[in-house]
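Before any comments, here is the structure.
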Amino acid sequence: TPARAPTCPRRKEPPPPPHPLILFCLRALPPNAGLKTWGRFSKLPYPGDKAFLYDTFPGDFIWAVGTAAYQVEGAFEKDGKGLSIWDTFTRGGNRMATGDVGSDSYHNIHADVRAIRQLGVSHYRFSLSWSRIFPNGTRGSYNEIGTNYYRTLLKRLKENRVEPVVTLYHWDLPDHLQQTLGGWSNPELVGIFKDYADFCFQTFGDVVKYWITIDNPFVVARHGYGTGVVAPGIKNDPDLPFRVGHNLLKAHAAAWHLYDRHYRPRQQGKLSMALASHWIKPSRTRLESLRECQCSLDHVLGWFARPLFTDGDYPPCMKARLGSRLPTFTREEREQVRGTADFFALSHGAALSFQLINDSLKFGQQEDLDLRMLLYWVNAEYDKPPIFVVQSGWYVLGNTKTEDPKHMYYLKRFIAEALKSIVIDGVNVIGYTAWSLIDGFEWHREYGIRRGLYYVDFNTPDMKREPKTSATFYRNVIQRNGFPELPENRPAQGVFPCDFAWGVSANSIQVETIPSQFADPSVYLWNISNNGALMKLEGLSAPPLRRTTHCADYASIRQQVDDIRQVGVNHFHFSLNWSALVPTGDVAHPNTTLLGYYHCFTRQLLQANVTPVVTLWHHTRQRSSLPAPLDTANKWLNRATPEAFADYARLCYRELGAHVKMWITLNEPNDEMVSYQEGHQMLRAHALAWLAYDREFRHAQGGQVSLALHMDWVEPAFSFSREDVEPAKRVLDFRVGWFAEPIFGSGDYPLGMRSWLRQLNSLDLPVFNEEDKQLVKGTYDFFAISHFSTKLVTHAKEDSYTYTAMLEVQHMIDTTWIMSPRPVVPWGLRKALNWVKEHYCDVPVYVMANGVQEDPARFKDSLRVYYLYNYINEALKAYTLDGVNLKGYFAYALSDQRDPGFGLYGQVHEEVIVKASLSNYHNIIQHNGFPILGAAPQQCPSFPQPCLGCHVLVKRPVVGFLTLVGSGVLITLGLIIYYTAKRHKECY
């Protein structure tokens with residue numbers, strides 16, 4: 001017979017009339033079903049799973065915003081309201097502030113509803129003040145005026161087509177019940193709460209379809225009656241919180257059954273208990289750590305969730321560790337409690353996470369802010385309930401006004417995680433509630449933080465509400481129902497031009513000053529009859545060879561060039577070492593051995609069809625890399641240094657220019673650690689070196705010269721705010737325009753830079769005299785940038801550690817970005833390239849270094865594969881869609897050996913490892929980008945291969961002709977001798 005589907009256990013009470021509510025079946029679940037969560041997420045593809053998901057929420061998704069009565073209502077004694085435990089609590093101990101006025105929502109229904117309407121939410125969550133309705137907590141003290149306040153609020157919401165989500169109890173118990181009965185420690189409150197709920201269902205239930213009985217029972221029990229951090233502030237009895245929690249569960253269950261029997265058939269509403277939780281991740285990968293994580297969640301969320309959603313009893317982990325301290329449910333009580341939730345109301349964020357979870361509940365594991373994993377855990381642990389996130393958000397400091405990008409980016413993160421939970425993980429998330437609508441009294445943090453989407457000026461009589469940046473962001477998300485994919489978010493298809501420069505960069509190359517070929521004088525016996533091994537003959541050595549060193553003698557050059565060729569690039573960028581090439585500072589006495597090595601290296605590159613791109617001086621913070629005499633004599637502040645650099649450049653042009661046709665004078669000189677005076681001399685040095693090439697070498701060598709600037713993109717934290725756009729422009733002026741504008745633009749520093757420093761009364765920025773202006777301006781052949789990441793800036797100060805006082809900018813990050821350790825933000829490259837185009841028109845642009853740092857032990861470097869694909873794709877968009885005159889792209893870097901953590905090659909001991917990113921980059925190069933599937937292949941003309949020595953034919957035709965004839969004669973003679981000897985041998 002076919003198996004039957006399991007049926008839900010029925011209660012013995014009379015069945016209520018049918019209604020459309022879908023109840024989920026409480027079948028037996030495997031123990032600790034959520035334990036698989038950590039393993040599941042550790043196996044998801046990285047970094048693809050961490051990338052931002054562009055998609056939308058279901059059409060019926062609930063968008064909500066919320067408040068709590070004590071935090072915002074004020075009017076604590078008005079119109080017959082009784083005192084709550086918070087009215088009493090805030091007047092005791094060392095507390096400095098109260099919620100007596102709060103945000104004065106009691107007198108500002110119109111302003112609150114206007115804010116709700118502006119956000120465009122479908123639901124508004126608020127709580128009823130129990131002591132405003134029943135001043136002493138019981139029906140006999142009913143207050144009509146207080147009740148009418150909520151009737152009016154509900155009426156206004158209905159007029160604006162906003163559905164209410166009503167919380168019966170959000171921490172503000174009538175003080176009379178605390179003083180006379182001991183509050184929630186007394187089981188009598190179960191019946192009293194049921195009667196209060198009965199009144200609310202009867203009075204408001206016709207317009208309320210979502211009810212929350214009790215908010216965050218964990219905080220109420222543990223911190224109200226355990227640690228004393230929140231009202232009523234009781235402590236010193238370690239077992240009292242568990243008895244309080246027991247009563248809270250029974251009070252909720254009593255209210256649920258009341259609603260289910262008497263009100264649901266007509267009102268058709270849903271009811272639950274709002275449960276808050278942190279998230280926790282294992283400190284180690286062992287199963288014991290995972291079990292400790294599971295137990296941590298059980299002690300916070302499972303304490304209340306398991307009785308409601310599983311079996312009516314506490315988690316086994318709690319029972320095992322707490323023993324008799326934990327109250328027990330009778331069989332009848334378990335049946336009464338279990339199944340008393342119509343949806344899972346989940347609270348997440350600043351009310352609990354990293355605030356009210358102390359170390360004793362982490363069990364040695366690490367707290368985290370991962371809403372997505374928490375949603376998945378709830379889904380697995382409690383058999384896929386519909387989950388309504390009824391509180392989520394973060395906070396900013398109390399002195400923050402309407403600019404709160406930090407809160408905005410946390411909202412973005414949590415909403416994005418909820419979206420991934422639905423789309424990728426299949427979790428039934430039905431709604432999201434941003435917390436909170438307006439600033440108010442923040443419980444034990446008082447007014448030290450703000451959590452509102454709307455700023456409240458507590459010093460004005462009308463408590464004026466102003467939308468913050470987070471409100472604008474949330475409104476936009478709601479309007480679009482998530483984060484729909486825009487054209488600029490989609491990968492581009494197309495190819496780069498045929499002559500595009502594909503390259504790889506390295507800060508330096510491996511230098512071998514003694515040729516390894518023919519360097520060993522030992523004599524060996526070759527065992528050809530056995531295994532072909534070489535046996536060294538002790539005591540014998542060959543006479544020294546009297547031969548000129550050849551480029552082929554350097555094994556290190558052959559190996560490096562082979563590695564570069566395997567990448568598939570046609571350009572290789574590396575830096576010379578000025579201090580090593582000219583150690584005395586006198587170019588008349590260079591290090592000829594090293595110069596010869598560089599000569600051989602560039603020659604071998606050309607023979608491998610790889611164009612060398614050579615930097616004369618690479619800026620590093622660790623050392624100046626200047627010759628010793630300059631290094632000890634004020635470095636770049638020495639006015640002789642630019643002239644010395646020009647002489648050094650001439651030496652390099654003269655000795656290497658036959659092979660090198662692309663030069664970088666200074667690589668990334670625009671470091672924030674470089675002073676303006678040093679930068680001024682660097683600009684002069686670059687100009688002198690460029691002019692030397694232009695006047696003395698360009699005609700004969702035909703190369704190009706420029707400098708390469710570090711250019712990470714700077715994005716306004718809130719791009720629609722002029723207050724944030726201006727700081728972003730200012731940072732770019734000071735970081736990039738500082739060197740770019742004198743060379744590529746006006747011949748002087750950016751106007752914004754100079755005017756800002758003048759405003760600060762700073763005289764640090766040097767003044768270009770007319771001679772220097774003419775010297776520097778126009779000394780370029782292309783614009784080269786090194787780009788790695790993107791930064792966010794805002795003008796609103798939040799964290800002094802990441803605040804740059806001189807520029808008045810706050811640096812921050814978007815918490816949805818992939819980090820390693822710098823943010824991975826591919827679109828930042830496109831914006832940087834467009835900045836160059838907007839400022840300097842059609843200048844040819846090269847991305848001279850672009851790469852990401854990843855664990856060198858990770859040879860399947862999936863982050864670098866993702867990084868290169870997406871950054872190159874953004875470069876393609878800049879070229880094909882934006883018209884940027886992009887000439888080349890260089891991945892950084894070739895090898896971990898020279899640039900640890902950035903290499904396409906890894907290394908284990910002496911073995912070189914080809915990483916996954918190398919083959920992926922090679923594939924992109926082979927296709928010259930991302931060709932459209934099915935399109936005809938790009939037709940590129942075949943370029944002539946480099947001909948070393950061809951310049952001899954051009955410059956000295958007679959000598960060249962004789963050389964060719966002589967070579968032909970020698971080859972002919974060699975062939976005659978070879979075949980004569982061969983024929984003579986065959987006669988025998």
Side-chain angles (χ1 to χ4, degrees), residues 8-26 60 62 64 66 69 121-130 132-134 138-140 142-144 146-170 190-215 250-274 308-309 335-345 385-388 390 430-431 433:
C8 297
R10 295 184 177 274
R11 305 183 191 280
K12 293 184 179 180
E13 68 235 21
H19 54 77
L21 176 68
I22 299 174
L23 296 175
F24 29 90
C25 177
L26 296 168
D60 59 350
I62 295 171
V121 294
S122 59
H123 290 65
Y124 174 51
R125 182 188 171 199
F126 65 95
S127 73
L128 306 174
S129 170
W130 189 344
R132 195 178 295 284
I133 296 171
F134 295 166
T138 61
R139 194 183 288 258
Y142 169 65
N143 177 19
E144 178 73 18
T147 306
N148 284 340
Y149 165 71
Y150 297 111
R151 288 193 179 104
T152 303
L153 175 57
L154 288 166
K155 181 182 177 184
R156 295 287 178 269
L157 291 174
K158 186 176 181 180
E159 290 170 355
N160 286 276
R161 298 181 181 179
V162 176
E163 293 287 328
V165 179
V166 177
T167 304
L168 295 174
Y169 179 70
H170 201 127
V190 173
I192 296 172
F193 179 76
K194 178 183 176 183
D195 188 55
Y196 162 60
D198 184 40
F199 172 83
C200 295
F201 297 151
Q202 185 179 23
T203 307
F204 310 119
D206 287 341
V207 293
V208 177
K209 303 306 175 188
Y210 280 96
W211 291 97
I212 303 293
T213 55
I214 297 165
D215 180 86
K250 290 198 282 188
H252 159 80
W256 188 91
H257 284 291
L258 171 72
Y259 187 83
D260 193 53
R261 292 170 187 168
H262 300 292
Y263 295 99
R264 195 194 305 276
R266 180 170 57 85
Q267 296 178 356
Q268 299 290 298
K270 300 177 183 181
L271 187 139
S272 192
M273 186 187 216
L308 298 182
F309 291 91
E335 285 299 309
Q336 179 77 0
V337 169
R338 81 183 185 106
T340 56
D342 303 324
F343 56 93
F344 199 110
I387 304 172
F388 188 176
V390 294
I430 63 171
T433 308

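Quick caveat, the model's predicted, so the values are computed rather than measured.
Partners of Ala274 according to the side-chain contact (heavy atoms from CB on, under 4.5 Å) rule, which considers only residues two or more places apart in sequence or in another chain, are Arg125, Ile212, Asp215, Ala345, Val390. With sequence neighbours left out, Tyr210 forms a ring-ring contact (aromatic ring centres under 6.0 Å, His included) with His123, Phe343, Phe388. With sequence neighbours excluded, the residues satisfying ring-ring contact (aromatic ring centres under 6.0 Å, His included) with Tyr263 are Phe201.
Nearest heavy-atom pair across Ala197 and Leu168 is CB-CD1, 3.7 Å. Among all heavy-atom pairs drawn from Met273 and Ile214, the shortest one is CG-O, 3.6 Å. When all heavy atoms of Gln268 and Pro265 are compared, the closest pair comes out as NE2-O, 2.9 Å. Taking every heavy atom of both residues into account, Gln336 and Ala254 meet most closely at NE2-CA, 4.5 Å.
Proximity of a side-chain donor or acceptor of His252 to a complementary backbone N or O of Ala341 within less than 3.5 Å is not detected. A donor-acceptor contact shorter than 3.5 Å links the side chain of Tyr259 to the backbone of Gly269. Panel note: side chain Asn160, backbone Arg156; a donor-acceptor pair is recorded below 3.5 Å. Within the 3.5 Å criterion, the main-chain N or O of Ile133 finds no donor-acceptor partner in the side chain of Tyr149.
Considering Arg264, Lys209, Lys270 in turn, Arg264 is the only one that fulfils the salt bridge (charged side-chain N to carboxylate O under 4.0 Å, His left out) rule with Asp342.
Considering NE2 of His257 and CG of Leu271, their distance stands at 11.0 Å, rounded to 0.5 Å.
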